[in-house]
Amino acid sequence: ALVMLSLCACGAPADNPGDAPLETENASPGGSATVGVIEPAALISKEGAEIILGVSLDTVQTSEQETVGLKQCLYESEGHFLQISLTQQAMMPAEQRQTPESLYRAIVENFEDAVQVDGVGDEAYFATPGLHILEDGYYILIAIGNLDDETNREKLAEAGRLAVENLKAAISALF
């Protein structure tokens, strides 16, 4: 699961940095709409990623893995990237027995060197490959590079706070 989380990418970028729009209906791979699915770009837009990283980002790659409810978005330019992954129950097939929380726990508990991060989500840890966040039953993973670099950890914490704030707004818009 960790390799899948690190290698995939998803969601079209939004136009404004802090308050990316929520898409409550998204086209699924089969062409039908999935109601209640939140795009990762609604949590951190391309512009928001540029502000956090302090560089202009050239490309956006998106992907999803419906079997585990994962949507990812990767913003990048030469030498810099920000990847945001969002695992959500609304994206998972009905027969899936795991939940975003169980996936989060399985990954975080397998890293003996995971470091708790206070003030981000219901629960958050730094562990390979970035900042793992559990918020209201959603699992967010944000990666930007070397996790041992203190500056990267500060940027990840900032990105995590923004992602959680925008997730809360997106959830409110759904209900």
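- The distance from the CD1 atom of Ile52 to the CD atom of Glu158 is 5.0 Å, given to the nearest 0.5 Å.
- Taking the side chain as every heavy atom from C-beta outward, Glu76 and Asp58 never approach each other to under 4.5 Å.
- Residues Phe81 and Leu74 have side chains in contact (heavy-atom distance under 4.5 Å, counting atoms from C-beta outward).
- For Gln89, the side-chain contact (heavy atoms from CB on, under 4.5 Å) partners at least two apart in sequence or on another chain are Met92, Thr99, Pro100.
- With rounding to the nearest 0.5 Å, the separation of CD1 in Ile171 from CD1 in Ile38 is 5.0 Å.
- Side-chain contact between Glu135 and Lys168 is present, with at least one heavy-atom pair separated by less than 4.5 Å.
- Rounding to the nearest 0.5 angstrom, the gap separating the NZ atom in Lys155 from the CD1 atom in Ile51 is 13.0 Å.
- Within 6.0 Å of CD on Glu150 lie more than 12 heavy atoms contributed by other residues, nucleotides or ligands.
- No side-chain donor-acceptor contact under 3.5 Å links Asn152 to the backbone of Leu147.
- When all heavy atoms of Gly36 and Gln88 are compared, the closest pair comes out as O-OE1, 4.1 Å.
- Between the side chain of Tyr75 and the backbone N or O of Ile44 there is at least one donor-acceptor pair closer than 3.5 Å.
- Side-chain atoms of Gln83 and Gln61, non-hydrogen and from C-beta on, never get closer than 4.5 Å to each other.
- A donor-acceptor pair is defined here as one N or O able to donate and one able to accept, closer than 3.5 Å; no such pair exists between the side chain of Gln65 and the backbone of Leu70.
- Residues Arg105 and Leu134 are in side-chain contact: their nearest non-hydrogen atoms beyond the backbone lie under 4.5 Å apart.
- The main-chain N or O of Asp148 is never found under 3.5 Å from a side-chain atom of Arg153 such that the two would form a donor-acceptor pair.
- Side-chain contact between Glu123 and Ile133 is absent, with no heavy-atom pair separated by less than 4.5 Å.
- Under the rule for a ring-ring contact (aromatic ring centres under 6.0 Å, His included), the partners of Tyr104 that lie at least two apart in sequence or sit in another chain are Tyr139.
- Distance check: Leu82 CG to Ser77 OG gives 11.0 Å after rounding to the nearest 0.5 Å.
- Side-chain contact between Glu50 and Val55 is absent, with no heavy atoms from C-beta onward closer than 4.5 Å.
- For the residue pair Glu66 and Pro93, the shortest heavy atom distance occurs at O-CD, 3.1 Å.
- Between the side chain of Gln96 and the backbone N or O of Gln98, at least one donor-acceptor pair lies under 3.5 Å.
- One finds the CD atom of Glu154 at 10.0 Å from the CD1 atom of Ile144 (value rounded to the nearest 0.5 Å).
- Not one N or O on the side chain of Lys46 forms a donor-acceptor pair closer than 3.5 Å with the backbone of Val60.
- Going from atom CG of Leu43 over to atom CD1 of Ile84 covers 4.5 Å, rounded to the nearest 0.5 Å.
- Residues Ala124 and Leu131 share a closest heavy-atom pair of CB-CD1, 4.0 Å.
- Under a 3.5 Å cut-off, the side chain of His132 and the backbone N or O of Ile107 do not form any donor-acceptor pair.
- In this structure Gln116 satisfies the side-chain contact (heavy atoms from CB on, under 4.5 Å) test together with Asp118, Tyr125, sequence neighbours excluded.
- The residue from Val108, Thr87, Leu141 that alone fulfils the side-chain contact (heavy atoms from CB on, under 4.5 Å) condition with Leu103 is Thr87.
- Proximity of Ile140 to Ile142: side-chain heavy atoms (C-beta onward) are separated by under 4.5 Å at one or more points.
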